[in-house]
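To keep things clear, I will list the structure first and then write my remarks on it.
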Amino acid sequence: MVTKPVSKARKSAPVKRKPTEVGTTKDKDKSFSPQAFEPKWQKKWEADKLYRAVIDNSKPKHYALTMLPYPSGDLHIGHWYAMTPSDARARFKRMQGYNVMFPMGFDAFGLPAEGAAIKHNIHPKKWTYANIERMRTQMRSMGAMFDWEREAVSSDPEYYKWTQWFFIQLYKHGLAYRKKQAVDWCPKDNTTLAREQVKGEDRVCDRCGTPVIKKELDQWFFKATKYADELLRFEGIDWPEFIKTSQTNWIGRSEGASVNFRVESNQSTVDSDQSVQNTDDWSLITVFTTRPDTLWGATFMVMSPEHPLVDKITTAENAEAVRVYKAEAEKQTDIQREAKDKEKTGVFTGGYAINPVNEERIPIWVADYVLMSYGTGAIMAVPAHDERDFEFARKFGLKITPVIQADGMELNGETMTEAYAHDGVMINSGAFNGTRATNDKGMKNPAIKAVIEYLEQKGIGKRDVNYRYRDWLISRQRFWGAPIPMVYCETHGWNPVADDQLPVLLPDDITEWKPTGESPLKFHPTWKNATCPIGGEPAVRETDTMDTFMCSSWYHLRYLSPHDDNAPFDDAEYNYWMPVDTYTGGSEHANMHLLYFRFFHKALRDMGITEGGEPVMQLRNQGMVLAKDNSKMSKSKGNVIAPDVLVKKYGADTVRAYLMFFARWQQGAPWDSHGIEGTARWMRRVWTLFTDPSTALRSAQGELITASADVKKNLRRRVHQTLKRVTHDFENFEFNTIISSLMELLNEMYKAREAGAAGTPEWNEAVEIYLKMMAPIAPHIAEELWTNHLGKPYSIHQQKWPQVDEAAAREDSIEIPVQVNGKVRDRIVVAVDASEDEIRKAALASEVIQKYLEGKEPRKVIVAHGKLVSVVV
RNA sequence: GCCGAAGUGGCGGAAUAGGCAGACGCGCACGACUCAAAAUCGUGUUCCCUCCGGGAAUGAGGGUUCGAUUCCCUCCUUCGGCACCA
C-alpha cells in the first residue's frame with residue numbers, strides 16, 4: 001500500500017527499460033504518502049485563513065452554497081459526494097478570479113436527537129453537539145475550502161433567536177396563522193407533518209415511513225398558498241427541469257370556474273337574486289369545475305361527507321342513510337378512502353339543486369370520492385365527460401347527458417360505455433350548440449372561455465383557479481426544535497413574544513421526552529408560564545416547536561453574519577453576496593426545502609426584509625451513491641461505505657477524485673470499491689512524474705534525448721486542448737470528464753517525456769497548467785507538488801486559472817474519414833484550413849476509394865467540413 | 001392513469017448545431033520484472049464469421065437523411081414526482 005515504508009516502495013521502483021532514467025531514488029520525499037501531507041496543508045490553510053471570504057468590491061463575487069447536513073453523527077459517502085465536487089467547483093471559480101464564499105453549517109434541530117435522548121438518556125443538545133464536533137473533524141479531512149468563520153448551527157440560541165424573530169415577522173404580516181383543521185399526524189414520530197412531508201400512494205411519513213393518520217388539531221401555518229402563482233414562475237433562474245416540473249405538479253394549478261347552484265329544499269325558500277359572492281348562504285352551493293363548458297351535462301351534484309351543508313340539505317326520509325354513510329366515511333383512513341381502484345359509494349340526500357344554465361332539477365348525493373380538502377367540497381357531476389362521475393352514475397342509475405361530441409359521433413347517454421373526455425363540438429347546450437371545445441385547458445379552450453364569459457355576465461359563476469398546494473403546517477409536537485415564540489392569555493389571545501425577550505430558550509433541565517403526542521415542553525414544571533405581552537396577565541407559552549425546514553429556509557442568510565446579535569443578517573454582507581450563485585444538493589428536497597425556501601424568500605421580500613424574489617440563481621442536484629446491488633445504503637443493511645476508511649487508505653484527494661470520476665455527478669451510480677484503484681493509480685502516476693528529479697532523459701549511450709519541435713508543439717497543443725475542455729466541464733458540472741481528460745493528458749505527458757520533452761519550456765508550462773487544473777480536485781497533492789517539490793510560490797490555491805492559448809490548441813492537419821455509401825473505407829490527412837475542393841480531390845485520389853468506385857463516377861460527394869467525406873455511388 | 005428523466009461492451013461511462021460509436025477508467029487475459037507474490041510497466045479486450053478480410057451493433061420497430069446514439073413517430077423497460085384534485 002502507499003503507506004508502506006519508503007525503502008520497499010523504492011526497491012520496486014520500475015523503470016528498467018530506460019537504464020539511465022531517474023536520478024537518485026534515495027530522496028525520502030519521493031514516496032507518495034498523502035496521509036502525511038494532507039493534514040499538514042489543512043492546518044496551514046486554516047491558520048493562514050486562505051479560504052476566509054470577506055467583502056471585496058474589486059472582485060466579482062460568487063456565493064457557492066451546498067446543502068448543510070443534519071448532524072447524525074458520521075459523515076457518510078453521500079455527504080462527500082455532495083460536498084467535494086461542489087468544493088472543487090467553488091475552488092475553480094475562485095481561481096477564475098471570483099471572490100468565493102463557500103460556507104458550511106449544521107441543520108441541527110430534529111427528531112433523531114430525541115430518539116437518542118430516549119435511548120441513551122442523554123440530552124438532545126449534548127448528543128447533537130457531540131456529533132457536530134465529530135463531523136467538523138471529518139469535514140476538515142475533506143480538504144474543502146469551507147469558511148469556518150461563517151459556520152452557522154441552527155440549534156444555537158444565537159441562530160434560533162432569529163428563526164423565532166422571522167416567525168413573529170410572518171405573524172405580524174398576516175403570513176402566519178393558527179387554525180384548527182384535520183392535519184396529517186405521524187403516529188410513530190408523534191407529531192403533525194406538513195403536506196409535503198407525507199409521501200407516496202401509501203401516505204407515509206417522509207422521515208420514518210409510517211402511514212400517517214388524520215387528526216383534528218389547532219396548528220400554526222404559514223400562508224404559502226399566497227405565493228402559489230409566483231412559485232410557478234421560474235423565469236430568470238437556472239434550475240433543473242425536473243425540479244421545476246416537480247414543484248409545478250405539487251402546486252397543481254387548475255384553471256376553471258366556480259359556479260353557484262341554487263338548492264331546492266323543503267326547509268328554505270330560494271331567493272333567485274342571490275349574488276355570486278353570497279356563498280355563505282346554505283341555499284346556494286358553489287362548485288369548482290375545470291370544465292364549465294360541460295355545465296349543461298351536469299345531471300347531479302355530489303358533496304363530500306364532511307361538507308357543512310349536507311345535514312341541511314338532507315331530507316327527513318334520507319337522514320338515517322346519510323348519517324350512517326358519514327359515520328362510515330369518518331371511520332376509514334385516508335388511504336382507504338382515496339384508493340383509486342375502490343368502487344364508488346354514496347347515498348342520496350333527498351335534496352335537489354337547480355342547474356343554473358338550463359334550470360334542470362338535479363339530485364344531490366353524498367359520496368366520499370369528493371374531498372372536502374379540495375375546491376369547495378362539492379362538485380357538479382358530468383357523467384358523460386368525466387370518468388369518475390360516469391362510474392357513479394352507472395352504479396346508481398343516474399341520468400347521463402352528453403354535451404360534447406366529436407364530428408360524426410352520436411353519443412347516447414343511455415348506451416355509452418365510458419365517459420368521453422376529448423375535444424368536439426358542444427351539443428344539448430342551448431345557445432352554445434356548435435361551439436368547438438378543444439383539448440386545451442382553461443381560457444385557452446374557446447368553449448370554456450365562452451361559457452365563463454356567459455356565467456360572469458349572468459352572475460351565476462366566475463372564472464376561478466384552484467391549487468393542490470396547501471399552507472405550510474409548521475407546528476411540531478417535539479422538544480428539539482425552535483420554540484414557537486407565541487404566548488396565549490385568556491384576555492388577549494395569542495400574541496408574539498416581545499423582540500427583546502428573544503430567544504425563547506429551550507430548557508436544559510428537562511427529563512421527560514417520551515413521545516406522548518404532545519410537546520415535551522408542556523410537561524416542564526415552569527417553562528410554559530409567561531406573562532401576556534399586551535396586558536401582563538398570566539399567560540402560557542406555545543409548547544410546540546417549529547418544523548426544522550423553517551430553520552433551513554434562511555440559513556443561507558445567516559452565513560452572511562452568523563454572530564450578528566442585532567439582526568438576522570448584516571445588510572452590507574447581504575448586498576454584496578446575495579443571491580446565492582450556485583446551490584448544490586440532493587433532489588429529494590424538490591417539493592420540501594427547495595419549495596419552502598423559495599416561499600420564504602418571497603415572504604421576506606414582501607415584508608421588506610430582503611430584495612429579489614429568488615434566493616438561488618443556479619441549482620444543480622447530485623445523484624445518489626447506491627450500494628452495489630442498486631439499493632440505498634443504510635446502516636441497517638450494513639452496506640454503508642465509510643469515507644473515513646477510504647481516506648485512511650488512499651488519502652482525501654483520491655476519494656475526492658474518485659467521487660468525481662466514477663459516475664455522472666448529476667446522476668449517481670452504485671458504488672464500486674475496485675474502481676477507486678484507478679484514481680489511486682492516477683494520483684501515483686502524477687506524483688511519480690512530477691517528483692522525478694531528473695528533468696531530462698538520456699539514451700542508453702548517455703546522450704541527452706531532446707524532443708523534436710513536433711513533440712513539443714504537440715505537447716503544448718494537448719495541454720491547451722485539455723485546459724479548454726476542463727474549463728468547460730467545470731463550468732457545466734461534468735466532473736467525470738474532467739478527470740478523464742486529465743488522465744489522458746497525463747498519458748500524453750508520459751509519452752512526451754519518453755520523447756525527451758522533459759525540461760523544455762513546453763514541458764514546464766505543461767506541469768504548471770496540469771497542477772493548476774488539478775488543484776480544485778486534489779488540493780493537497782497539487783499544493784505539495786507545487787510548493788514543496790517545484791518550489792513555486794505558496795499557495796497554488798491563490799493562483800489564477802490559466803488562459804487557453806487558442807492558437808496553440810488548434811490542430812495543423814486533421815485526419816478525415818472517407819465513407820463510400822455510408823461506410824468508412826479510408827482516411828485522408830489534410831491541412832486544417834484545406835478548402836472543400838481540396839478535401840474532395842484528396843478523398844477521390846485515394847487508391848482505396850478508387851477501388852470501391854470501380855471506375856464509376858460517384859453520384860454525389862458530400863464534404864462535411866473538417867469532419868468527413870461521404871461518397872455516394 | 002398523468003408529468004418528468006433515462007436506456008450505449010462484463011461494469012461505471014465517453015461521443016449529440018446529425019459526421020470515425022465505445023474516449024477515460026474498472027474488470028479480465030497475456031507478457032516483462034520477481035525465487036515468489038504485491039506493486040509497477042507493456043500488449044490486448046463490443047459481438048459474430050470462412051479471422052486475409054468482412055459483417056452486425058447504441059432498449060424494440062418504423063421514418064427523415066448521402067449519413068442517426070443524436071431529429072420525428074409507435075412501443076417496451078427502469079427510476080423519480082403526482083394521483084378519485086372535480
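Side chains included, hydrogens not; waters and symmetry mates left out as well; all remaining heavy atoms used. Naming convention: chains lettered A, B, ... in sequence-line order (proteins, then strands); numbering from 1 in each chain.
- When each of A:Arg470 and A:Ser870 is assigned the nucleotide of RNA chain B with its nearest heavy atom, A:Ser870 is the one assigned upstream, toward the 5' end.
- A:Phe288 and A:Tyr374 have perpendicular rings, their planes meeting at more than 60° on a 0 to 90° scale where under 30° would count as parallel.
- In this structure, A:Arg468 does not reach the B:A86 phosphate: none of its side-chain N or O atoms is under 4.0 Å from OP1 or OP2.
- Nucleotide B:A17: unpaired (no Watson-Crick or G-U wobble partner with both distances less than 3.5 Å).
- Atom CD of A:Glu418 sits in a sparse spot, with 12 or fewer heavy atoms from other residues, nucleotides or ligands closer than 6.0 Å.
- The separation between A:Trp682 atom CH2 and B:A39 atom C1' is 20 Å, rounded to whole Å.
- Applying the Watson-Crick and G-U wobble criteria (two distances, each under 3.5 Å), B:A36 pairs with nothing in any strand.
- Residue A:Gly668 is in sugar-phosphate contact alone, with no base atom involved, counting any heavy-atom pair closer than 4.0 Å across all strands shown.
- Residue-level contact check: A:Arg253 touches neither bases nor backbone, having no heavy atom under 4.0 Å from any strand.
- Listed pair A:Ser246 / B:G80 fails the phosphate criterion, with no side-chain N or O lying under 4.0 Å from OP1 or OP2.
- In A:Lys632, the NZ atom is not crowded: 12 or fewer heavy atoms of neighbouring residues, nucleotides or ligands sit closer than 6.0 Å.
- Considering only the side chain of A:Thr290, B:A86 comes nearest among B:A86, B:C3, B:A23.
- If you check every strand for non-hydrogen atoms under 4.0 Å, A:Phe242 touches sugar and phosphate atoms only.
- Open room surrounds NZ on A:Lys724; 12 or fewer heavy atoms of other groups in view lie less than 6.0 Å from it.
- Across the C1' atoms, B:C79 and B:G31 are found 44 Å apart, a figure rounded to whole Å.
- The distance from atom OH of A:Tyr369 to atom P of B:C84 is 13 Å, rounded to the nearest whole Å.
- Atom name P, nucleotides B:A83 and B:C76: the rounded distance is 24 Å, in whole Å.
- No salt bridge links A:Glu391 with A:Arg388; every basic N to acidic carboxylate O contact stays at or beyond 4.0 Å.
- Of the candidates B:G55, B:C66, B:G13, the closest approach to any side-chain atom of A:Ala663 belongs to B:G13.
- Listed candidates were B:C84, B:C26, B:G54. Nearest to the side chain of A:His674 is B:C26.
- Taking the C1' atom of each, B:C71 and B:U16 are spaced 10 Å apart, rounded to whole Å.
- Of the residues near RNA chain B, A:Asn466 and A:Gln247, the one whose nearest nucleotide (by heavy atom distance) lies more toward the 5' end is A:Gln247.
- Checked against B:A86, B:C66, B:G55, the side chain of A:Arg825 finds its nearest nucleotide in B:G55.
- Remark: B:C30 base-pairs with B:G42; criterion is Watson-Crick or G-U wobble with both hydrogen-bond distances under 3.5 Å.
- Straight-line distance from the CZ atom of A:Arg388 to the P atom of B:C2: 14 Å, rounded to whole Å.
- B:C73 and B:G19: their C1' atoms are spaced 24 Å apart (whole Å).
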Using a cutoff of under 3.5 Å, can you pull out all pairs of nitrogen or oxygen atoms linking the protein to nucleotides 14-17 of chain B, with atom names and distances?
from, atom 1, to, atom 2, distance (Å)
B:A14, OP1, A:Asn736, ND2, 3.0
B:A14, OP2, A:Arg664, NH1, 3.1

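- Across all strands shown, A:Trp250 has heavy atoms under 4.0 Å from sugar-phosphate atoms exclusively, and none from any base.
- Using a 4.0 Å heavy-atom criterion, one finds that A:Phe661 contacts the bases of the nucleic acid, with or without backbone contacts as well.
- Ranking B:C85, B:G19, B:U40 by closeness to the A:Arg684 side chain, first place goes to B:U40.
- Atom pair A:Glu241:CD and B:G81:C1' shows a separation of 14 Å (rounding to whole Å applied).
- The interatomic distance linking A:Arg195 (CZ) with B:A83 (C1') rounds to 11 Å, in whole Å.
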Apply salt bridge (Lys or Arg N to Asp or Glu O under 4.0 Å) to the pair A:Arg840 and A:Glu836, showing each step before the final yes or no.
CA-CA 6 Å; A:Arg840 186 194 317 268; A:Glu836 201 172 295; 3.6 Å; yes
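- Atom P of B:C11 sits at a distance of 13 Å from the matching atom of B:G59, rounded to the whole Å.
- B:C24 is paired with B:G12 under the Watson-Crick or G-U wobble criterion, all donor-acceptor distances under 3.5 Å.
- Atom name C1', nucleotides B:U58 and B:U70: the rounded distance is 10 Å, in whole Å.
- Note: A:Ile448 CD1 to A:Leu295 CG = 12.0 Å, rounded to the nearest 0.5 Å.
- With a 3.5 Å ceiling on both atom-pair distances, the Watson-Crick or G-U wobble partner of B:C2 is B:G81.
- Side-chain atoms of A:Tyr658 and A:Asp672 form no donor-acceptor pair, as typed in the model, at a separation below 3.5 Å.
- Computed from coordinates, the A:Asn747 CG to B:U40 C1' distance equals 15 Å when rounded to whole Å.
- Checked against B:G55, B:C24, B:C20, the side chain of A:Pro817 finds its nearest nucleotide in B:C20.
- Contact annotation for A:Asp389: no contact, since no heavy-atom pair falls under 4.0 Å across all strands.
- For B:G67, the glycosidic angle deviates from 0 by more than 90°, giving an anti base.
- Across all strands shown, B:C52 forms no Watson-Crick or G-U wobble pair with both distances under 3.5 Å.
- For A:Arg681 and B:G25, the shortest distance from a side-chain N or O to OP1 or OP2 is not below 4.0 Å.
- Rounded to whole Å, the distance from OH on A:Tyr469 to P on B:A83 is 14 Å.
- For the P atom pair drawn from B:U45 and B:A23, the interatomic distance equals 10 Å after rounding to whole Å.
- The aromatic rings of A:Phe690 and A:Tyr770 stand perpendicular to each other, their planes meeting at an angle above 60°, with 30° marking the opposite boundary.
- Contact check, A:Gln667 against B:G13: a side-chain N or O comes under 4.0 Å of OP1 or OP2.
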Does the side chain to side chain donor-acceptor pair (under 3.5 Å) test come out yes or no for A:Thr345 and A:Tyr325, once each step is laid out?
CA-CA 9 Å; A:Thr345 59; A:Tyr325 186 79; 2.7 Å; yes
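- Closest contact between the side chain of A:Asn591 and the listed nucleotides B:C26, B:C66, B:G81 involves B:G81.
- Using a cutoff of 4.0 Å between basic side-chain nitrogens and carboxylate oxygens, A:Glu255 and A:Lys441 are not scored as salt-bridged.
- One C1' atom belongs to B:C30, the other to B:C24, and the distance between them is 22 Å to the nearest Å.
- Put simply, CG on A:Asp464 is 13 Å from C1' on B:A86, counting in whole angstrom units.
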